[in-house]
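One structure is given here, and the rest of the page talks about it.
For the numbers below, each heavy atom of this structure counts, side chains included, while hydrogens, waters and symmetry mates do not. Residue numbering restarts at 1 for every chain, and letters A, B, ... go by the order of the sequence lines. For clarity, every value in this text was computed on a predicted model and none was experimentally measured.
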2 protein chains.
Amino acid sequence: MAKSEGGGSGVVGALVRAAFLVDAVYAESAREFGLTPQQGQLLCVLLGRSYVMGELGGVLRLAKSSLTGLVDRSERNGLVRRESCEGDGRAVRVLLTAEGEVLAERFYAETCRRIDELPAGLSEAERELLGGLLGRVVLDNKVPPVFGEQ
Amino acid sequence: MAKSEGGGSGVVGALVRAAFLVDAVYAESAREFGLTPQQGQLLCVLLGRSYVMGELGGVLRLAKSSLTGLVDRSERNGLVRRESCEGDGRAVRVLLTAEGEVLAERFYAETCRRIDELPAGLSEAERELLGGLLGRVVLDNKVPPVFGEQ
DNA sequence: AGCCGTAATTCGCACCACGAACTACTCCGA
DNA sequence: TCGGAGTAGTTCGTGGTGCGAATTACGGCT
């Protein structure tokens with residue numbers, strides 16, 4: 001089947017299927033914390049630091065209106081709050097609430113644990129190798145800090 | 001930052017960020033074909049073979065009602081069609097229409113091309129290595145054929 | 001002071017996910 | 001042969017999500 005050449009068994013297919021797998025595990029973990037994947041992602045991004053809306057939109061790669069909605073719902077759920085920016089009356093800063101912080105920590109830790117199980121069939125050296133190669137791909141493509149490390 | 005230990009710079013963080021990256025590229029490609037990511041995924045899965053709804057639900061890991069909706073919308077867009085199953089009056093088979101087949105081929109090829117560019121910073125040997133390791137992770141976790149190779 | 005640009009929100013719309021309940025069909029045992 | 005249990009898919013209700021256009025409020029520059 002000609003189409004296996006690109007998407008089939010090579011690195012391309014593997015990347016897409018790995019994304020499918022990670023998304024499923026991430027969604028399942030989020031669900032058990034009463035979160036949607038998008039909400040979980042927002043909490044992970046805000047763990048450790050706050051962002052103004054414009055930055056956040058860039059990190060999450062969302063349209064402004066989509067981000068407004070996501071923050072609205074998360075604020076309504078008591079997980080985040082908005083603050084005015086001192087230097088700019090137009091800008092709004094988004095931070096985790098105390099409750100949001102706790103939930104984010106727990107969700108993040110549990111999701112790490114679950115994702116960590118995915119490469120269980122690889123040796124320690126192979127895990128390091130995979131992490132290194134994938135890390136370079138992610139670095140080269142300038143992926144924002146959507147999961148840890150910010 | 002303690003939380004880098006798990007999600008930060010290791011294989012866990014790399015997997016999640018790689019998924020974020022692949023999802024973004026996939027969504028952008030789909031968008032340019034007038035498709036949503038879910039519709040693109042449905043077309044890719046149906047490329048090459050048809051499925052009954054129950055199987056399709058398993059492959060795409062969707063609730064039955066979600067799949068019904070997705071197939072409804074894709075049918076309305078002229079991309080797929082439903083057929084009764086001879087052996088089982090309850091079951092419905094989903095296939096690509098002629099138009100759906102053409103669009104699926106083009107979407108699949110273009111998405112392969114774009115995903116193929118992501119590991120451009122790696123050498124040929126490193127690409128092979130990455131594909132091999134990731135392929136094993138995907139195999140070990142029994143990821144269904146959501147992109148090529150079925 | 002006015003104009004242009006920016007930040008965020010609102011609006012309208014379509015898509016998407018799920019669980020519960022329902023309809024239609026299948027199969028098996030009495 | 002019939003009835004009951006189970007299966008396949010759909011419908012319904014609900015909430016979440018994504019985007020673009022338009023709007024409101026603010027900032028900076030002339």
Side-chain angles (χ1 to χ4, degrees), chain A residues 20 23-43 45 50-95 146, chain B residues 20 23-43 45 50-95 146:
Chain A
F20 182 87
D23 288 345
V25 169
Y26 197 98
E28 180 57 26
S29 183
R31 178 193 187 84
E32 291 181 26
F33 287 87
L35 299 170
T36 68
Q38 282 65 42
Q39 290 163 359
Q41 191 167 73
L42 177 66
L43 297 195
V45 162
S50 63
Y51 287 87
V52 296
M53 291 287 280
E55 294 170 331
L56 207 40
V59 167
L60 293 171
R61 294 200 181 152
L62 288 173
K64 304 203 291 182
S65 51
S66 307
L67 182 62
T68 297
L70 180 58
V71 171
D72 280 352
R73 292 184 291 276
S74 299
E75 191 175 36
R76 193 192 330 126
N77 293 340
L79 302 178
V80 307
R81 62 188 168 83
R82 284 172 162 102
E83 269 183 7
S84 297
C85 278
E86 282 194 6
D88 192 333
R90 298 167 300 179
V92 160
R93 181 164 292 274
V94 184
L95 314 83
V146 290
Chain B
F20 182 86
D23 289 346
V25 169
Y26 197 99
E28 180 58 27
S29 184
R31 178 194 186 84
E32 290 182 26
F33 287 85
L35 300 169
T36 70
Q38 282 64 45
Q39 290 163 359
Q41 191 167 74
L42 177 67
L43 296 196
V45 161
S50 62
Y51 288 88
V52 295
M53 290 288 280
E55 295 169 328
L56 206 39
V59 168
L60 293 172
R61 296 202 180 149
L62 289 174
K64 304 202 292 183
S65 51
S66 307
L67 182 60
T68 296
L70 182 57
V71 171
D72 281 352
R73 290 184 292 275
S74 298
E75 189 174 40
R76 190 188 336 122
N77 292 341
L79 301 179
V80 307
R81 62 188 168 83
R82 284 172 161 104
E83 269 184 4
S84 297
C85 278
E86 282 195 8
D88 190 333
R90 298 166 299 178
V92 159
R93 182 163 291 274
V94 184
L95 314 83
V146 290

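- Annotation: proximity of residues 64-71 of chain A to DNA chain D (heavy atom, distance under 4.0 Å) is found for A:S65, A:S66, A:L70, numbered in ascending order.
- The interatomic distance linking B:D88 (CG) with C:dC28 (P) rounds to 12 Å, in whole Å.
- For the residue pair A:V80 and A:V71, the shortest heavy atom distance occurs at CG2-O, 3.9 Å.
- Closest non-hydrogen pair, A:Q39 versus A:G34, comes out as OE1-O, 4.2 Å.
- The interatomic distance linking B:L60 (CG) with C:dC18 (P) rounds to 11 Å, in whole Å.
- When side chains are defined from C-beta on, A:L42 counts as touching A:L56, because their heavy atoms get closer than 4.5 Å.
- Phosphate proximity of C:dA8 to A:R93: absent, as no side-chain N or O sits under 4.0 Å from OP1 or OP2.
- A pairwise comparison of heavy atoms in A:V52 and A:C85 identifies CG1-SG, 3.5 Å as the closest pair.
- Spacing between atom CG of B:L35 and atom P of C:dA14 amounts to 17 Å, rounded to whole angstrom units.
- The minimum heavy-atom distance linking B:V94 with B:S50 is given by the pair O-CB, 3.2 Å.
- From B:R90, atom CZ reaches atom CE of B:M53 across 14.5 Å, with rounding to the nearest 0.5 Å.
- Ionic pairing of B:R82 and B:D72 is present here: one or more N-O contacts between side-chain nitrogen and carboxylate oxygen are shorter than 4.0 angstrom.
- For the pair A:T36 and B:R31, both in contact range of DNA chain D, the more 5′-proximal nearest nucleotide belongs to A:T36.
- B:V146 and A:F20 get closest at one heavy-atom pair: CG1-CE1, 3.5 Å.
- For the pair A:G57 and A:L67, the tightest heavy-atom approach, listed with the atom from each and the gap, is N-CD2, 3.5 Å.
- Spacing between atom CZ of A:R90 and atom P of C:dT6 amounts to 9 Å, rounded to whole angstrom units.
- Within residues 75-85 of chain B, the residues having any heavy atom closer than 4.0 Å to DNA chain C are, in order of number, B:R76.
- Looking at B:T68, its side chain does come within 3.5 Å of a backbone N or O of B:K64 through a donor-acceptor pair.
- Reading DNA chain D from its 5' end, the first and the last nucleotide to sit under 4.0 Å from a heavy atom of chain A are D:dG16 to D:dG27.
- Nearest nucleotide to the A:V52 side chain, out of C:dT26, C:dA8, C:dC15: C:dA8.
- Atom OH in B:Y26 sits 5.0 Å away from atom CD in B:Q41 (nearest 0.5 Å).
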